[in-house]
2 protein chains.
Amino acid sequence: MVDVKSVANPLFLREEELRQAIEMLFFAYRDFTGGPDGMLAEIGLGRAHHRVIYFVGRNPGITVSELLKILRITKQSLSRVLSHLVEEEYITQTPGERDRRQRLLTLTVKGVELERRLTADQRERIADAFRKAGADAVQGFKLVLHGIIDAPDRDQFDVSGGPTHLPAARSGGKLVGSKIAGGKR
Amino acid sequence: MVDVKSVANPLFLREEELRQAIEMLFFAYRDFTGGPDGMLAEIGLGRAHHRVIYFVGRNPGITVSELLKILRITKQSLSRVLSHLVEEEYITQTPGERDRRQRLLTLTVKGVELERRLTADQRERIADAFRKAGADAVQGFKLVLHGIIDAPDRDQFDVSGGPTHLPAARSGGKLVGSKIAGGKR
DNA sequence: TTTTTACGTCAACCATGTTGACTTACTTTC
DNA sequence: GAAAGTAAGTCAACATGGTTGACGTAAAAA
């Protein structure tokens with residue numbers, strides 16, 4: 001009974017380690033979304049609104065169908081949330097120039113303000129965790145998360161290890177936060 | 001326009017890096033839950049059932065109130081899901097021995113079977129990511145996730161870096177996957 | 001004996017996801 | 001120029017899983 005640790009079956013170790021990861025992911029995500037959820041509730045919005053505001057803020061001028069692909073929900077589902085955000089003037093819709101069927105989505109000043117407040121909470125949490133864990137750990141964190149994400153979407157993330165580089169991701173006014181731009185799905 | 005990278009404002013770099021982390025967490029969680037969701041749908045269960053089955057499997061004999069604290073939902077919410085799982089014989093309830101008001105929850109054989117199938121999918125995804133990323137990255141991943149989790153819950157996770165040790169976490173038949181055992185909340 | 005605790009239940013409501021059918025406007029293709 | 005395809009929206013019905021509030025029962029603790 002004493003030597004369990006040293007004699008332990010490596011398969012069991014692995015199982016234990018994987019379960020630990022599963023649980024950490026669960027708790028981390030729960031706490032990660034907890035902050036914004038509170039703020040949103042105060043102004044009568046929900047997590048779904050947050051997601052829309054986030055990705056529109058990240059990709060100004062994004063089309064509805066691009067947004068749908070990122071969120072992986074139906075247009076009817078998005079519609080409820082989006083039209084509310086438009087009514088409340090967090091988001092504006094402008095017809096596409098090249099294709100006038102499109103409604104390009106952009107945050108209003110009010111929308112940017114809210115986005116900033118919501119994301120600040122999450123950024124702070126992540127920044128604290130990064131600071132405590134150190135640069136190497138951050139790199140490992142990204143590498144593992146990268147591997148967890150399904151192939152089509154993970155490619156958008158630079159995980160090469162060097163300092164994060166910038167406008168590459170934004171070049172040509174194309175999408176960030178989604179690999180839709182130029183890629184078939 | 002050329003030197004943007006090297007002259008870049010470190011605050012902007014930081015912002016970019018943090019947003020990347022936010023998005024990776026979003027996508028990783030989405031894909032991480034996608035597999036089980038599919039299986040569950042086939043047998044008329046949802047993600048909420050999965051969470052209950054997972055934590056009961058992880059903590060055989062857990063009480064209802066302990067489970068509530070892990071899940072952070074109301075008892076009415078849990079009730080719907082839990083009573084369904086009891087009816088369908090995934091979970092059994094037995095009165096506590098020391099305190100007969102308690103209903104101790106345990107997976108049935110059928111429940112264990114389902115839990116195994118659901119978790120296998122997630123374990124595989126994580127294991128693949130771990131394998132691709134390497135041991136150091138795994139350690140960094142855990143360290144950062146640890147920092148993201150709120151103080152009360154994060155303590156249950158051993159993130160010290162050595163090989164995962166085992167029955168410490170299970171000693172005395174107390175809780176795993178929650179720090180409730182013996183701690184005031 | 002009284003109070004507190006663990007658990008359960010009924011009822012109403014809300015947020016957010018789904019499917020399916022249909023419309024409108026615009027672009028693309030033959 | 002007509003036909004087909006695409007972007008977006010709409011209406012309706014439904015499912016899941018969260019919430020609050022009120023109330024009940026049995027057992028433990030004070």
Side-chain angles (χ1 to χ4, degrees), chain A residues 26 29-30 33-34 36-53 56 61-88 91-105 180 184-185, chain B residues 29-30 33-34 36-54 56 61-88 91-105 180 184-185:
Chain A
F26 170 75
Y29 197 78
R30 184 195 64 181
T33 51
D37 283 357
M39 297 184 222
L40 288 158
E42 287 172 19
I43 52 176
L45 300 180
R47 198 180 293 181
H49 301 91
H50 185 192
R51 291 198 278 256
V52 170
I53 287 179
V56 170
I62 192 176
T63 66
V64 171
S65 51
E66 284 166 342
L67 189 52
L68 285 175
K69 283 176 202 154
I70 293 179
L71 298 175
R72 291 215 194 142
I73 57 175
T74 59
K75 64 179 171 179
Q76 295 92 327
S77 219
L78 174 59
S79 165
R80 247 186 327 227
V81 171
L82 182 55
S83 44
H84 185 198
L85 289 173
V86 170
E87 271 166 29
E88 301 283 326
I91 288 181
T92 52
Q93 298 172 303
T94 56
E97 212 163 89
R98 213 197 58 210
D99 183 340
R100 284 181 353 239
R101 291 170 303 180
Q102 299 177 330
R103 263 80 158 175
L104 307 185
L105 307 174
I180 284 111
K184 70 203 61 182
R185 270 262 186 159
Chain B
Y29 198 77
R30 184 195 63 180
T33 51
D37 282 357
M39 296 185 222
L40 288 158
E42 288 172 19
I43 53 176
L45 301 180
R47 197 180 293 182
H49 300 92
H50 185 191
R51 291 198 279 255
V52 171
I53 287 180
Y54 182 87
V56 170
I62 191 175
T63 66
V64 170
S65 51
E66 284 165 343
L67 188 52
L68 285 175
K69 284 176 201 153
I70 293 180
L71 298 175
R72 291 213 194 142
I73 57 175
T74 60
K75 64 178 172 178
Q76 296 92 326
S77 222
L78 174 59
S79 165
R80 249 189 323 230
V81 172
L82 182 55
S83 43
H84 185 200
L85 290 172
V86 170
E87 271 166 30
E88 300 284 324
I91 288 180
T92 52
Q93 298 172 302
T94 56
E97 213 163 88
R98 214 196 57 209
D99 183 339
R100 285 182 352 240
R101 291 170 304 179
Q102 299 177 329
R103 264 80 158 174
L104 307 185
L105 307 175
I180 283 111
K184 71 203 59 177
R185 272 258 187 164

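Every chain is numbered from 1 and lettered A, B, ... according to where its sequence line falls, protein lines coming before strand lines.
Among D/dG17, D/dA27, C/dT18, the nucleotide with an atom closest to any side-chain atom of B/Asp99 is D/dA27.
Applying the 3.5 Å distance criterion, the base of C/dG17 shares a donor-acceptor pair with the side chain of A/Arg80. Scanning atom types as modelled, no donor and acceptor separated by under 3.5 angstrom connect the side chain of A/Arg101 and the base of C/dT27. Checked by distance alone, A/Gln76 brings a side-chain donor or acceptor within 3.5 Å of a matching partner on the base of C/dG20.
Note on B/Thr74: every side-chain N or O is 4.0 Å or more away from OP1 and OP2 of D/dT20. Between C/dC7 and B/Gln93, no contact under 4.0 Å exists linking OP1 or OP2 to a side-chain N or O. For A/Ser65, a side-chain nitrogen or oxygen approaches OP1 or OP2 of D/dA8 to under 4.0 Å. Residue B/His49 has no polar side-chain atom (N or O) positioned under 4.0 Å from OP1 or OP2 of D/dT16.
No side-chain heavy atom of A/Asp99 sits less than 4.5 Å from a side-chain heavy atom of A/Thr63. No side-chain heavy atom of B/Leu105 sits less than 4.5 Å from a side-chain heavy atom of B/Leu85.
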| message | Run B/Leu104 and B/Gln93 through side-chain contact (heavy atoms from CB on, under 4.5 Å) and show every step you take. | response | CA-CA 5 Å; B/Leu104 307 185; B/Gln93 298 172 302; over 6 Å; no
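Backbone-only contact: A/Thr63 has heavy atoms under 4.0 Å from sugar-phosphate atoms and none from a base. A/Arg47 comes within 4.0 angstrom of the backbone, heavy atoms only, and of no base. Residue-level contact check: B/His84 touches neither bases nor backbone, having no heavy atom under 4.0 Å from any strand.
Residue-to-nucleotide proximity on DNA chain C shows that, of A/Arg98 and A/Gly46, the 5′-proximal contact is made by A/Gly46. If you find the closest nucleotide of DNA chain D to B/Leu78 and to B/Lys75, the one lying nearer the 5' end belongs to B/Leu78.
B/His84 and B/His49 get closest at one heavy-atom pair: ND1-NE2, 3.5 Å.
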